[in-house]
2 protein chains.
Amino acid sequence: MARWHSERMGQQAAPQSEAVVGAPRDTRQRRAVLGALGEMESFRSAQVIHGSIVRSGQRIGLATVYRTLKLLADAGEVDVVRDAAGEQLFRRCEASRHHHHLVCVSCGTAVEVESAPMERWADQVGREHGFSAVRHSVEVFGVCPGCTRRAAGQAG
Amino acid sequence: MARWHSERMGQQAAPQSEAVVGAPRDTRQRRAVLGALGEMESFRSAQVIHGSIVRSGQRIGLATVYRTLKLLADAGEVDVVRDAAGEQLFRRCEASRHHHHLVCVSCGTAVEVESAPMERWADQVGREHGFSAVRHSVEVFGVCPGCTRRAAGQAG
DNA sequence: ATGGGTGCAAATAATTTGCAGGTAA
DNA sequence: TTACCTGCAAATTATTTGCACCCAT
């Protein structure tokens with residue numbers, strides 16, 4: 001079922017009156033996730049992240065990885081994109097400001113790109129049609145220089 | 001698992017030598033799906049499309065709806081986008097040319113928008129970084145004028 | 001007649017959640 | 001001590017697939 005309505009329309013900091021909502025605890029598994037994210041320089045799925053942590057010898061549940069990644073995503077500390085299969089891919093957020101990526105479909109490497117022109121376009125498009133609360137979902141994909149060269153070498 | 005590699009990088013017509021691969025048959029259920037798509041003027045999920053067909057009195061299986069929609073999508077006859085939950089939304093393709101949509105998160109209405117400026121931005125971004133085979137996935141969401149007004153009337 | 005199309009149920013797969021402990025603060 | 005955090009398994013959800021039967025061609 002589509003859930004247009006339940007979608008978060010734009011996050012504003014929770015208006016905590018007392019801020020008793022609990023600060024994130026510093027646990028072994030949270031550190032492991034953060035550590036894994038720190039070593040990655042491209043987008044990875046939760047499953048892959050979990051696998052790499054386990055492979056490195058640390059015990060952690062897949063559910064915990066999901067929970068932690070969701071927390072981090074909600075906190076804006078990791079970026080989330082969806083691949084063509086609809087699967088979520090995570091990467092630690094370089095900057096806190098709004099930004100977009102150019103992702104290599106071959107090796108997964110992602111670079112942050114200058115998106116101001118596109119932001120303006122999106123805003124304008126929304127305004128032109130009288131829409132409010134305009135947001136956008138933008139990903140640019142392609143084959144990075146390295147992979148392009150490699151591919152050229154293999155096939156003709 | 002991520003499947004960057006399996007993604008279709010650009011479709012070329014299958015090099016059928018004899019074209020015996022079977023043309024789509026004209027069945028009641030296929031007509032029903034096409035009919036439902038014809039009445040929709042915004043993106044809908046497969047489940048919703050199935051529901052509307054069933055509600056209209058016609059018998060059809062959900063799997064068939066999925067199969068048919070996938071065929072149509074592969075044939076480029078319907079557009080597919082993913083909502084924030086990763087669910088696929090379908091709509092009959094207005095034009096065969098490349099285009100993008102502005103979708104209302106409240107009522108689902110979608111309008112096709114002028115995307116040339118953004119296309120240029122995406123191409124340039126890719127070129128700047130030396131990427132080849134650059135594609136992009138872009139959706140703009142917001143609340144349409146009608147829904148904005150309605151919401152303003154209800155809540156303060 | 002025949003091979004693609006269909007329905008149904010079971011299978012997948014990613015992600016979430018219930019619950020009984022564990023543990024940072 | 002006390003919430004939050006975790007692990008595990010079961011539950012959810014969207015989508016796909018196996019299979020026996022049906023029907024456009």
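Residue numbers start from 1 in every chain, and the chains themselves are labelled A, B, ... in the order their sequence lines are given, proteins ahead of strands.
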Is the phosphate of D:dT15 approached by B:Q88 (side-chain N or O, under 4.0 Å from OP1 or OP2)?
yes

A:R44 CZ to C:dT15 P, straight-line distance once rounded to whole Å
15 Å

Determine whether a donor-acceptor pair (N or O, by modelled atom type, separation under 3.5 Å) exists between the side chain of A:T27 and the backbone of A:R30.
yes

Would you mind telling me which residue lines up with the more 5' stretch of DNA chain D, A:L62 or B:F90, judged by nearest nucleotide?
A:L62

Rounded to the nearest Å, what distance is computed from the CD1 atom of residue B:I49 to the C1' atom of nucleotide D:dA14?
14 Å

Quick one: is A:Q29 getting a side-chain N or O under 4.0 Å of the D:dC5 phosphate, OP1 or OP2?
no

Distance in angstrom units between A:E87 CD and C:dT16 P, rounded:
12 Å

Would you say a side-chain N or O of A:R30 is under 4.0 Å from OP1 or OP2 of C:dT23?
no

Counting only pairs under 3.5 Å, give me each side-chain donor-acceptor contact of residues 53-64 of chain A, with atom names and distances, residues two or more places apart or in other chains.
unit_1 : atom_1 : unit_2 : atom_2 : d
A:S56  : OG     : A:I53  : O      : 2.7
A:S56  : OG     : A:Q58  : NE2    : 3.2

Do any N or O atoms from the side chain of B:R92 and from the backbone of B:M40 form a donor-acceptor pair under 3.5 angstrom?
yes

May I have the distance from A:R59 (atom CZ) to C:dG21 (atom C1'), rounded to whole angstrom?
14 Å

Within the distance-only criterion (no hydrogens, no angle test), does the side chain of B:H100 pair as donor or acceptor with the backbone N or O of B:V138 below 3.5 angstrom?
yes

Spacing between A:L72 atom CG and C:dT15 atom C1', to the nearest angstrom:
16 Å

Whole-Å distance between C:dT6 P and B:I53 CD1?
11 Å

Treating primed atoms plus P, OP1 and OP2 as sugar-phosphate and everything else as base, which nucleotides of nucleotides 19-25 of chain D get B, S or - for protein heavy atoms under 4.0 Å?
----BBS

Does any donor atom in the side chain of B:R135 or B:S137 lie under 3.5 Å from an acceptor atom in the other side chain?
no

Mind checking ring pair (Phe, Tyr, Trp, His ring centres under 6.0 Å) for A:H50 and listing every partner two or more places apart, or none if nothing turns up?
none

Quick check on C:dT6: is either OP1 or OP2 less than 4.0 Å from any side-chain nitrogen or oxygen of B:R31?
no

Under 3.5 Å, is there a donor-acceptor pair between the B:Y66 and B:Q47 side chains?
yes

For C:dT15, does OP1 or OP2 lie under 4.0 Å from any side-chain N or O of A:K70?
no

What is the distance, to the nearest angstrom, from the NE2 atom on A:H50 to the C1' atom on C:dA14?
14 Å

On the nucleotide D:dT15, are OP1 or OP2 found under 4.0 Å from the side-chain N or O atoms that B:Y66 carries?
yes

Rounding to an integer number of Å, can you tell me how far A:Q47 CD sits from C:dA14 P?
5 Å

